[in-house]
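Just so you know, these numbers use all the heavy atoms, side chains as well, and skip hydrogens, waters and symmetry mates.
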Amino acid sequence: MNYEAIVIGVSSGGMNALNYIFSTLPVGFRIPIVVVQHVSARSDNEWINLLNDKSNLTIKEADEKESIACPTEHSLGRENGKVYIAPANYHLLIEKDRTFSLTIDEPVNFARPSIDVLFESAAEVYQNKLIGIVLTGSNNDGTKGIKRIKECGGLAIIQDPETAESSTMPASAIAAILPDYILPLEKIVQLLIKIDKPIKQITK
C-alpha cells in the first residue's frame with residue numbers, strides 16, 4: 001500500500017513524543033505528516049521551532065489554503081519530508097483538493113484544534129491511503145477520528161498506553177476500535193520507516 005498522508009493526534013506528554021518521532025525519522029521520509037497537539041489558545045509557535053531544530057524533517061505551522069506535499073516530491077530524497085502543525089486556537093481540516101482549511105468553530109472535546117476534526121476530514125479525503133496515529137494524551141479526543149479512519153480503510157496505529165506519559169487517549173482509542181498496531185514510540189517510528197521505504201537517505 002502506498003500511503004499518501006499521516007495524521008497524528010497528541011495531547012499531554014506530546015512534546016516529548018513528537019520530539020522523539022521527528023528526530024528519529026530520516027531525512028528523505030516522503031509521506032507528509034499532519035499533527036494536532038493540544039496547546040493553549042495563547043500559545044506561540046516557539047515549541048514548533050524547537051521541534052524543527054532537532055528534526056530531520058521540515059516542521060511548520062499549517063497555513064490556510066496551503067497545499068499538502070505529495071509523497072512523490074520526496075521520492076529521490078532531494079528535500080526533507082514535511083510536517084504540518086495545527087496552529088493554536090484553530091481547527092485544522094483537509095479539503096478535497098488536499099489543501100488546509102483553518103476554522104474557529106466551537107471546540108470539540110473541549111479542544112481547538114481538535115484531533116477528531118483533523119482525522120475525520122483527512123479520512124474522507126485520503127480514504128485507505130491514510131495512516132492515523134493516536135499518541136499520549138489525557139482525554140478522549142481522537143477516538144471518533146481514528147474510528148472514522150478505520151471505517152474508510154486507513155491504517156490505525158495507537159501508542160501502547162503502558163508506554164505513554166498519559167494513557168487515557170490511547171486507551172480510549174483502543175477501546176473503540178481494533179487497531180492495526182499497538183506499539184511503543186520506537187516501534188511506531190520503525191514501522192513508519194518500513195512503510196515509507198525511503199529510496200535514499202541523506203544528512204540534513
| field | Distance in Å, I6 CD1 paired with I157 CD1, rounded so as to fall on 0.5 Å steps | value | 7.5 Å
| said: Whether the side chain of H91 engages the backbone of T103 through a donor-acceptor N/O pair (distance < 3.5 Å, no angle test) should be reported. | reply: no
| said: Listing request: all salt bridge (Lys or Arg N to Asp or Glu O under 4.0 Å) pairs with a residue in residues 7-27, at least two apart in sequence or in separate chains. | reply: none
| Atom pair CG (L25) and CG (L57), whose distance is rounded to the nearest 0.5 Å | 5.5 Å
| Residues that E66 engages under salt bridge (Lys or Arg N to Asp or Glu O under 4.0 Å), provided they are two or more places apart | K60
| remark: Here the pair of heavy atoms bringing T136 nearest to A17 is CG2-CB, 4.2 Å
| request: Kindly write out the residues that satisfy side chain to side chain donor-acceptor pair (under 3.5 Å) with N19, not counting sequence neighbours, or none if the list is empty. | output: none
| request: Please list, chain by chain and in numerical order, all residues satisfying side-chain contact (heavy atoms from CB on, under 4.5 Å) with N16, sequence neighbours excluded. | output: E165
| request: Would you mind reporting whether I149 and V7 have side-chain heavy atoms less than 4.5 Å apart? | output: yes
| message | Distance check, rounded to the nearest 0.5 Å: S101 atom OG versus E64 atom CD? | response | 4.5 Å
| How far does CG of D141 sit from CG of D116, to the nearest 0.5 angstrom? | 4.5 Å
| field | Min side-chain heavy-atom separation K144-N109 under 4.5 Å | value | no
| Nearest heavy-atom neighbours spanning V189 and Y20 | CG2-CE2, 3.9 Å
| query | Does some side-chain heavy atom of N140 sit less than 4.5 Å from a side-chain heavy atom of T168? | reply | yes
| request: Classify the side-chain pair S166/S12 by whether it contains a donor and acceptor separated by less than 3.5 Å. | output: no
| note | For E151, the side chain to side chain donor-acceptor pair (under 3.5 Å) test, sequence neighbours excluded, returns R148
| said: Show me the pairs that pass salt bridge (Lys or Arg N to Asp or Glu O under 4.0 Å) and involve residues 15-24, at least two apart or across chains. | reply: none
| said: With a 4.5 Å cut-off on side-chain heavy atoms, are E46 and L50 touching? | reply: yes
Could you list the donor-acceptor pairs under 3.5 angstrom formed between side-chain atoms of residues 127-134 and any protein atom two or more places apart in sequence or on another chain?
from, atom 1, to, atom 2, distance (Å)
Q127, NE2, A123, O, 3.3
Q127, NE2, E124, O, 3.1

| If we only count heavy atoms from C-beta on, is the I158 to P170 side-chain gap below 4.5 Å? | yes
| Residues forming a ring-ring contact (aromatic ring centres under 6.0 Å, His included) with F100, sequence neighbours excluded | Y84
| said: Is there a continuous path of hydrophobic side-chain contacts, each under 4.5 Å between heavy atoms, that joins V10 to V108? | reply: no
| message | Please enumerate all residues that pass side-chain contact (heavy atoms from CB on, under 4.5 Å) together with T163, with sequence neighbours excluded. | response | Q159, D160, P184
| said: Using side-chain heavy atoms (C-beta onward) and a distance below 4.5 Å, is W47 in contact with Q37? | reply: yes
| field | L135 and I21, any side-chain heavy atoms less than 4.5 Å apart | value | yes
| request: Check whether any side-chain N or O of R112 sits under 3.5 Å from a backbone N or O of N89 as a donor-acceptor pair, and report yes or no. | output: yes
| request: Scan L118, V117, D105, L102 and name whichever one has a side chain to side chain contact (heavy atoms under 4.5 Å, CB included) with L93. | output: V117
| query | Which atom names give the shortest non-hydrogen contact between S11 and G137, and what distance separates them? | reply | CB-CA, 3.6 Å
| message | Using side-chain heavy atoms (C-beta onward) and a distance below 4.5 Å, is I195 in contact with I31? | response | yes
Side-chain atoms of residues 173-180: list all donor-acceptor pairs with protein atoms under 3.5 Å, sequence neighbours left out, distances to 0.1 Å.
from, atom 1, to, atom 2, distance (Å)
D180, OD1, K150, NZ, 3.3
D180, OD2, K150, NZ, 3.3
D180, OD2, A156, N, 2.8

| More than 12 heavy atoms of other residues, nucleotides or ligands under 6.0 Å from OH of Y90: is that the case? | no
| message | Just verifying a value: how many Å separate I115 CD1 and L92 CG, rounded to the nearest 0.5 Å? | response | 12.0 Å
| Over all atoms of both residues, closest heavy-atom pair of G145 and E120 | CA-CG, 3.9 Å
| request: Could you walk me through whether R98 and Y126 pass side chain to side chain contact (heavy atoms under 4.5 Å, CB included), step by step? | output: CA-CA 9 Å; R98 302 190 180 190; Y126 288 102; 3.5 Å; yes
| task | Only counting residues at least two apart or in another chain, list the ones meeting side chain to side chain donor-acceptor pair (under 3.5 Å) with K187. | result | none
| query | From I48 CD1 over to S55 OG, what is the distance, rounded to the nearest 0.5 angstrom? | reply | 12.0 Å
| query | Using links of under 4.5 Å between side-chain heavy atoms of ILVMFWY residues, direct or through other members, which residues join F110 in one cluster? | reply | none
